[in-house]
Amino acid sequence: MLRLLHIEFHKLRYSKSTKILTIIYFLIPLSISLIASIDFNFIGINVRVADQGIFNFPYIWHFNTFLISFLKLFLAIVIVSMMSNEYTNRTLKQNLIDGLSKKEFILSKFYMILALSLASTVFVFILSLILGLFFSDFTEASIIFSDLEFILAYFIKLVGFFSFCMFLGVLVKRSAFALGFLFVWYIIEKIIYLILLFKIMGTEAGADKVMQFFPLEATANLIKQPFSRLNFIQTAASQLQTDFVIDYALHWYSIAIVIVWTAIFVWGSQALLKKRDL
Amino acid sequence: MNTILKINQLTKKFGLLTAVNNISFTIEKGNIYGILGPNGSGKSTTLGMVLNVVNKTSGDFQWFNGEQSIHQALKKVGAIIEHPNFYPYMTAKQNLNLVCKIKNVTNAKIEEKLELVGLLDRKDSNFSSFSLGMKQRLAIASALLNDPEILILDEPTNGLDPQGIHQIREIIRKIAATGTTILLASHLLDEVEKVCSHVIIIRKGVMLYSGKVDEMNASHGYVEMQAQKNALLIEVLKNHEWFENITIDKETGLTKAILTQPIEAEKLNQMLFEKGIILSHLVKRKESLEQQFLELTQQNA
């Protein structure tokens, strides 16, 4: 396993675009949190984003994992191109000739996905912990370490999404087309949702029930939007006499669905590779 | 002798087209093999199958008597297929380092092999900045990193300029001199003729011949002659049991006769002299591989 990870890391570390994308990926959350912690002097009133309660434990786990997970697109480009470049450079062929088995090849990519997801998860954990310790109103250990399932959800979400990217990279063989396909697939899922909502199920709950089985929706389901949990929005909502009933909790079946998709994508990539002549 | 590769009834179909049809041959340690055939005859497909990048339709093959799985066996093989394929953004050395990791060997030999192919001074240049000839030489260096049991080269001089072709041939000769088994696929006959001891001829996916280069044609060669008394010469040749198929080459005007038995040029000259014919030109030749090849492929057309 370490050998395969070494091989993959060697391939990535010298690629300029990979380096830049990865650095951007990690820099953006850092700079945003820096900005958020600065005092803005806004029309004479001190506005500090950090004071709006977004960095309170344990809410911060939810908030940060949700926001930062949008940036996964940067790493998605890295993953898709690390697959499809092997086709365009024809290095996949040479790798196999040099004695890498097809299974090892896919595994080396998958291990890299696990490693990148893990790195990102650790990063989010540390960043949130530091921000929280600075700005949270509650810093008791029992509160700090509650709701940590969002960190787990974040990791699974990345692994699932990146596995999808890997599969597309193998399927389409060209990075630009694979990314395009990803976007098209996103739209397809939305269209299916609309059809389900208006034509077949008729209810939002019913449509959601079916949609949770689609890959992108399944990964999105792991961490739901956190904004309606914010204090001032809750207050605003109660003033408007509306009620939010959103289930934020992480369910075992959501995790199971994503893990099943991950397995399908990894297995599918390998099956595609085995079937093809290079 | 040690068998390196045994191919048995290997077949590959692309849809309706049969690219490789029931090919069988064996590769023994220490020989230099050439796979010869026109473009599109199935050479690369055959190599692709034994190298695990093309799926076979039927038949089977065994590396090293089938003691190891294919990808383990391939770690003891050095191979280049068609294009030199490397990561363009890495330097020569970084690329070779990666190959070492894949083959599970130490990277101690990188400099030595770069030296062998004359790329040591360019080891820190990006692969994308290399000329085709340099890429091809880097590919050879990479194939040699593990001191392979067999080196497989597919069209190594394809697309190179004369200087590049010369360099590659020199390298191949150097490697052959170390006793490494080599399998060289090419459509260039003189290339195979110059370096190979054994040859496998493929045409349209069908194997026409497999064996030693000099046993390929049972003939004893031919002689080219010229004399003042040309008419008498032809007369004598026609009536003599040593010769057959007497022709006059239109371009050179030389009289050409196929030998029916092994005759020394000396003896031949003496015989003609005794008949009153003084030769101004006498050359005894073996048919070149090119002629034999054309003959073989025409016979089977």
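Residue numbers start from 1 in every chain, and the chains themselves are labelled A, B, ... in the order their sequence lines are given, proteins ahead of strands.
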Worksheet item: If you measure from CD1 on A/I7 to CG on B/L98, what distance do you get to the nearest 0.5 Å?
Response: 6.5 Å
Discussion item. Out of A/L100, A/L92, A/L4, return the one with the most heavy atom pairs under 4.5 angstrom to chain B.
Written reply: A/L100
Response to the item:
Of B/P88, B/G78, B/G48, the largest count of non-hydrogen pairs under 4.5 angstrom with chain A goes to B/P88
Below 3.5 Å, can you tabulate the donor-acceptor pairs from side chains in residues 32-41 of chain B to any protein atom, sequence neighbours excluded?
residue	atom	partner	partner atom	Å
B/Y33	OH	B/E28	N	2.9
B/Y33	OH	B/N31	ND2	3.2
B/N39	OD1	B/H187	ND1	3.4
B/S41	OG	B/P38	O	2.7

Worksheet item: Would the number of heavy atoms belonging to other residues, nucleotides or ligands and lying under 6.0 Å from CZ of A/F181 be above 12?
Response: no
Worksheet item: Taking all atoms of both residues into account, what is the closest heavy-atom pair of A/G99 and B/L74, and its distance?
Response: CA-CB, 3.9 Å
Worksheet entry | Sequence-distant partners of A/F26, ring pair (Phe, Tyr, Trp, His ring centres under 6.0 Å), two or more places apart | A/F123
Practice prompt. Can you sort out the partners of B/F127 under ring pair (Phe, Tyr, Trp, His ring centres under 6.0 Å), two or more places apart, ordered by chain and number?
Written response: B/F86
Less than 3.5 Å apart and able to act as donor and acceptor by atom type: which atom pairs between chain B and chain A qualify?
residue	atom	partner	partner atom	Å
B/K12	NZ	A/D277	OD2	2.8
B/V53	O	A/L278	N	3.0
B/N55	N	A/D277	OD1	2.7
B/N55	ND2	A/K274	O	2.8
B/N55	ND2	A/K275	O	3.0
B/K75	NZ	A/G99	O	3.2
B/A79	O	A/Q94	NE2	3.2
B/N85	ND2	A/R90	O	3.2
B/Y87	OH	A/K11	NZ	3.4
B/Y87	OH	A/E86	OE1	2.7
B/Y87	OH	A/E86	OE2	3.1
B/Y87	OH	A/N95	OD1	3.2
B/Y89	OH	A/K11	O	2.6
B/Q94	O	A/H10	NE2	2.8
B/K101	O	A/R3	NE	3.3
B/K101	NZ	A/H10	ND1	3.0
B/I102	O	A/R3	NH2	2.7

